[in-house]
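The model shown is predicted, which means the values in this text are computed figures rather than measured ones.
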Amino acid sequence: LRPLLGAAVLSTAATWLQVLVMAAVLAPGAFGVVLPPVVAGAAVALGLGGLLWRGDGHGAAPLSAPAGGPLRLRAALGISALLAAVAAGVHLGRMWLGDAGLFVSLGIAAMADAHAPVNTLLSLHAGDQIDGRHLVRGVLLAISVNSVTRAIVAVASGGARYGAGVAAALAAGTAAASATVLLLARA
């Protein structure tokens with residue numbers, strides 16, 4: 001069970017680190033804004049994931065690659081459509097309801113994917129439509145909501161014990177990122 005928990009937690013570390021990559025590409029001016037909380041969240045996820053990945057020393061059964069390879073055109077097109085729909089939905093939510101609409105639509109979108117709402121936030125920041133404070137809050141919201149979805153999926157697919165482990169690790173990373181934001185706000 002530990003290596004499986006480790007893999008789930010390490011995937012969240014990748015999500016945190018992808019925020020930095022997306023910021024560097026989409027909104028270089030936002031990189032320094034998101035860097036402290038993202039590093040905190042990623043560090044906790046990498047640490048916990050690494051500890052869990054080591055397992056109990058007995059090793060895990062090797063996994064085989066899926067038939068047909070890992071890449072599928074239909075899935076890629078579906079993800080592209082999802083990203084476009086999220087961007088449009090977040091934009092419309094903000095137009096109709098202001099900041100409240102922005103955060104509500106981000107939260108709804110993050111139930112399915114954290115990356116699309118973060119991409120949208122970074123694009124808004126690059127266009128000077130939101131400030132750094134809104135950007136960081138939105139990133140934390142997107143990853144927090146998506147973490148809840150991941151925990152629910154973990155319970156459904158691996159049982160209560162597995163799901164609780166995944167949820168605890170996800171919460172620890174999000175708490176570290178949030179605490180970093182709070183500490184920096186007081187400095």
Heavy-atom distance under 4.5 Å between the side chains of [X] and [Y], does that happen here?
X: L46; Y: L10; answer: yes
X: R150; Y: T15; answer: yes
X: V19; Y: I143; answer: yes
X: V139; Y: P37; answer: no

Nearest 0.5 Å, please: how far is [atom2] in [Y] from [atom1] in [X]?
X: Q18; Y: N119; atom1: CD; atom2: CG; answer: 9.5 Å
X: L106; Y: M111; atom1: CG; atom2: CE; answer: 11.5 Å
X: Y162; Y: L5; atom1: OH; atom2: CG; answer: 6.0 Å
X: T120; Y: H125; atom1: OG1; atom2: NE2; answer: 14.5 Å

For residues [X] and [Y], report the shortest heavy-atom separation together with the two atoms involved.
X: G49; Y: V9; answer: N-CG1, 3.6 Å
X: A42; Y: A13; answer: O-CB, 4.2 Å
X: V166; Y: A8; answer: CG2-CB, 3.8 Å
X: L140; Y: A177; answer: CD2-CB, 3.6 Å
X: W53; Y: P3; answer: CE3-O, 3.5 Å
X: L170; Y: A151; answer: CD1-N, 4.2 Å

Single-linkage hydrophobic cluster [X]~[Y], side-chain heavy atoms < 4.5 angstrom:
X: W16; Y: V148; result: no
X: F31; Y: L121; result: yes
X: L122; Y: V181; result: yes
X: L184; Y: L182; result: no
X: L20; Y: M22; result: yes

Handout entry: Intermediate values then yes/no, side-chain contact (heavy atoms from CB on, under 4.5 Å), L124 and L102
Key = CA-CA 11 Å; L124 289 170; L102 171 69; 3.8 Å; yes

Exercise for the section: Apply side-chain hydrogen bond (donor to acceptor under 3.5 Å, both in side chains) to T174 and list each qualifying residue two or more places apart in sequence or on a separate chain. Expected result: none

Problem - Results of side-chain hydrogen bond (donor to acceptor under 3.5 Å, both in side chains) for R137 - residues two or more places apart only - result: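 Not a single residue meets the side-chain hydrogen bond (donor to acceptor under 3.5 Å, both in side chains) criterion with R137.
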
Problem - Backbone N/O of A112 and side chain of T149: donor-acceptor pair under 3.5 Å - result: no

Practice task
Using modelled atom types only, decide if a donor and an acceptor are shared between the side chain of R2 and the backbone of L51 within a distance under 3.5 Å.
Solution key: yes

Problem - Residues that L183 engages under side-chain contact (heavy atoms from CB on, under 4.5 Å), provided they are two or more places apart - result: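 Partners of L183 under the side-chain contact (heavy atoms from CB on, under 4.5 Å) test: none.
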
